[in-house]
Amino acid sequence: MHVRGVTVEELMAQRLAKLDQLRERGVDPYPPRAARSHTAAAVTAVVEALPEGQAEAEGLTVSVAGRVVARRDMGKATFVDLLDGTGRIQVLLRQNQLAQGQYEDLRLVDLGDFFGASGVPIRTRTGQPTVAATSWTMLAKALHAPPEKYHGLADAELRQRRRYLDLMANEETRRTFTIRSRVVSGIRRFLDARGFLEVETPVLQEAAGGAAARPFITHYNALDEERFLRISLELHLKRLVVGGFERVYELGRIFRNEGLGMKYNPEFTMLETYEAYADYQGVARMVEEMVSTVAGETLGTTVCGFRGHRIDLAPPWRRVTLHDALREYAQLDLDQFATRESLAAELARRGLAFPDYAGWGKLVDEAMSHYVEPNLIQPTFLLDYPVELSPLAKRKPGNPRLVERFEAFIGGFEAGNAYTELNDPVDQRARFEEQLRLRGAGDDEAELMDEDFLLAIEHGMPPTGGFGMGIDRLLMVLTGQSTIREVILFPQHKSVKE
RNA sequence: GGGCCCGUAGCUCAGCUGGAUAGAGCAGUGGACUUUUAAUCCAUUGGUCCAGGGUUCGAAUCCCUGCGGGCCUACCA
């Protein structure tokens, strides 16, 4: 961002001068209210409903309001395009249709101003729905010009830091965030209709658990204690299942102290659901139904274009075990590399890098990320993960090295994660202890022992299926945006230094 | 974190093998035009060429450092 040049101040001074001129004429440039009878869409509908050959909604007077986004001065007639929440509407102002002086005062109207006009809906010679104005009012004077009318605002940083400019200039941005809002409310409707209870749990926590990630740390002055911003919703939601809430969900912001990237923003919106008496297979059926239903409601289709791919979210989604996927995409048979040492040697032979502290499970994860994940373009449930990677998931009957877990992949990246929850408090304690051992070995993302959570499940937790999904990533697919920053209104940026 | 690229008017961009007063379109200002819609036409204002150093007779242009951004890449959803 640069220092304001002289010209910005000159442009602003011109607008301030117009402000004064309006006041001199007894006009309040910031009136407290505006009488709007019709939106842009409503006027368009009126005009389109006119019978063939009739160009004017005779006897009807409408009032519209919006931001001036274009202006075409024709001498004794001027066209002004207004943008409101429903779209654009054209206003035609003619000298002989306005009160004395009102036409001349249009010179005090600039692009970016909020402007109201009353008149008759007409169809122009070219068929454009238009309000033929008999009066106009200033609703709010803008002191800065809006972005360039044809190219709009292209600079990605400006678009994100000053999203209001992006929204006023780019229809695509308005569409993306409208979809975002509707997807979130659609998810709530879907879950509410299935008897889920929406709850809120603490953002400030004494220990941040439930996921493998570094937390943000903050200080609580009143107690003179450290607090951590949550990195997942899981451990509190399970406490509620212990308490007898059989179906709960939370849709909220979580925070991970990590880098920025195409798929990463340090704060993002997570959905987690917990359902007593369900297992991960039942959760998978719910997830594919939820995502396809919400896509259908918001987009009108389950088919999305994403990074050049055509993705169909309609169920059933493909199901494949992690073992089979590695055989398919990596020609790697985990049964032949059942020890940490043999698998490490094989991956090293293939040229994959991994940290020294990586156990067998972490190595499997590395292989999966490298060979399998990029290939999972169509929605896919990858099933049955190594127990080492899943300290909160229940073991698979008959195979204690695996847990009942899936990750959902769409468009080549992970969009969701679910498991049959571990409700055996003795096994859970042992898993936490193993995590502590990993932490000691250098894995600073390993889970911390959470005695309060253990105490909760020691009181008995029913068999439960749990699920988590990054809403932002889902929205990337649904809106066709290739970076997470384009689906977050105000993504994180380095601070601006003056 | 590593590699590559970018930063010029309020906005979108040219100019960059060093050469004199830095350009265009849009926006603004003045003028013509009563159905235009990226309106058109005539005239015109506007620049710490990201910042700071350096090389040079001369730097928007070359070099270094910093700041900001983009793409690729490694790790976290």
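Sequence lines set the chain letters: A, B, ... in the order given, protein chains first and strands last, and positions in each chain run from 1. Computed from heavy atoms alone, side chains included, the values below leave out hydrogens, waters and symmetry copies.
Distance noted for atom C1' between B:U44 and B:C63: 40 Å (whole Å). Remark: the separation of the C1' atoms in B:U8 and B:U12 is 12 Å, to the nearest Å. Taking atom P in both B:C6 and B:G28, the straight-line distance is 33 Å, to the nearest Å. Rounded to whole Å, the separation between the C1' atoms of B:C64 and B:C75 comes to 32 Å. Annotation: B:A38 and B:C71 have their P atoms spaced 31 Å apart (nearest Å). Comparing the C1' positions of B:C33 and B:C16 gives a spacing of 42 Å, expressed to the nearest Å. Comparing B:C50 with B:A60, their C1' atoms sit 12 Å apart, to the nearest whole Å. Using P as the reference atom, B:G47 and B:C11 are 14 Å apart when rounded to the nearest Å.
Residue A:R88 is out of contact with every strand shown, counting any heavy-atom pair closer than 4.0 Å. Contact annotation for A:G75: base contact, defined as any heavy-atom pair under 4.0 Å involving a base atom. Contact annotation for A:E272: no contact, since no heavy-atom pair falls under 4.0 Å across all strands. Nucleic acid contact class of A:Q90 (heavy atoms, under 4.0 Å, all strands): base. Residue A:A212 is in sugar-phosphate contact alone, with no base atom involved, counting any heavy-atom pair closer than 4.0 Å across all strands shown. Counting any heavy atom pair closer than 4.0 Å across all strands shown, A:N96 reaches a base atom.
Computed from coordinates, the A:M74 CE to B:U40 P distance equals 11 Å when rounded to whole Å. Rounded to an integer number of Å, the gap from A:L143 CG to B:G10 C1' is 14 Å. The NZ-P distance, from A:K263 to B:A74, rounds to 10 Å in whole Å. Rounding to whole angstrom units, CZ of residue A:R162 and C1' of B:C11 are separated by 11 Å. Taking atom CZ of A:F79 as the reference point, atom C1' of B:U40 lies 13 Å away to the nearest angstrom. Whole-Å rounding puts the A:M12 CE to B:G10 P distance at 14 Å. The CD-C1' distance, from A:E234 to B:A77, rounds to 13 Å in whole Å. At whole-Å resolution of the value, CD in A:E373 and P in B:U73 are 13 Å apart.
With hydrogens and angles ignored, no donor-acceptor pair closer than 3.5 Å exists between the side chain of A:Q128 and the base of B:U35. One N or O donor and one acceptor, one from the side chain of A:R72 and one from the base of B:U36, sit under 3.5 Å apart. At a cut-off of 3.5 angstrom, the base of B:U36 holds no donor-acceptor pair with the side chain of A:D73.
Distance from the side chain of A:R256 is smallest to B:A77 among B:G70, B:A77, B:A27. Ranking B:U29, B:A27, B:C11 by closeness to the A:L158 side chain, first place goes to B:C11. Of the candidates B:G28, B:U35, B:G69, the closest approach to any side-chain atom of A:K18 belongs to B:G28. The side chain of A:K76 lies closest to B:U34 when the candidates are B:U29, B:U36, B:U34. Proximity note for A:L92 (side chain, C-beta onward) versus B:U34, B:U36, B:U35: the nearest is B:U35. Of the candidates B:C11, B:A77, B:G70, the closest approach to any side-chain atom of A:E148 belongs to B:C11. The side chain of A:T130 lies closest to B:U36 when the candidates are B:U34, B:U36, B:C11.
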Inset, instruction - Could you go through the side chain to side chain donor-acceptor pair (under 3.5 Å) check for A:E486 and A:T176 one step at a time? - result: CA-CA 8 Å; A:E486 295 304 337; A:T176 295; over 6 Å; no
Inset, instruction - Assess whether side chain to side chain donor-acceptor pair (under 3.5 Å) is satisfied between A:Q128 and A:R88, documenting all intermediate values. - result: CA-CA 11 Å; A:Q128 180 76 35; A:R88 276 194 180 221; over 6 Å; no
Inset, instruction - Check the pair A:E275 / A:T464 against side chain to side chain donor-acceptor pair (under 3.5 Å), numbers first and verdict last. - result: CA-CA 5 Å; A:E275 181 178 2; A:T464 299; over 6 Å; no
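Pairing partner, B:A51: B:U65, with both Watson-Crick or wobble hydrogen-bond distances short of 3.5 Å. Base-pair partner of B:A9: not found among the strands shown (Watson-Crick or G-U wobble, both distances under 3.5 Å). In this entry B:G1 has B:U73 as its Watson-Crick or G-U wobble partner, both defining distances falling under 3.5 Å. Pairing partner, B:U44: B:G28, with both Watson-Crick or wobble hydrogen-bond distances short of 3.5 Å.
Counting only N and O atoms by type, the side chains of A:T321 and A:D384 include no donor and acceptor under 3.5 Å apart. Remark: the A:S135 side chain and the A:Q102 side chain contain no N/O donor-acceptor pair separated by less than 3.5 Å.
Scored by the side-chain hydrogen bond (donor to acceptor under 3.5 Å, both in side chains) test, A:Y419 finds A:E234 as partners (sequence neighbours excluded).
With centroids closer than 5.5 Å and planes inclined by less than 30 degrees as the test, A:F413 and the base of B:A77 fail to qualify as a stacked pair.
Remark: A:R15 is not in phosphate contact with B:G10, judged by side-chain N or O atoms under 4.0 Å from OP1 or OP2. Residue A:R107 has no polar side-chain atom (N or O) positioned under 4.0 Å from OP1 or OP2 of B:U29.
Nearer the 5' end of RNA chain B, as judged by each residue's closest nucleotide, is the contact made by A:T483, out of A:F268 and A:T483. Of the two residues near RNA chain B, A:Q95 and A:R214, the one whose nearest nucleotide lies more 5' is A:Q95.
Taking the centre and axis of the six-membered ring of A:F490, the NZ or CZ atom of A:R485 falls outside the cone set by 45° and 6.0 Å. Because its NZ or CZ atom is not both nearer than 6.0 Å to the ring centre of A:Y280 and within 45° of the ring axis, A:R405 does not count as a cation-pi partner of that residue.
To the nearest 0.5 Å, atoms CD (A:Q100) and CD (A:Q95) are separated by 8.5 Å.
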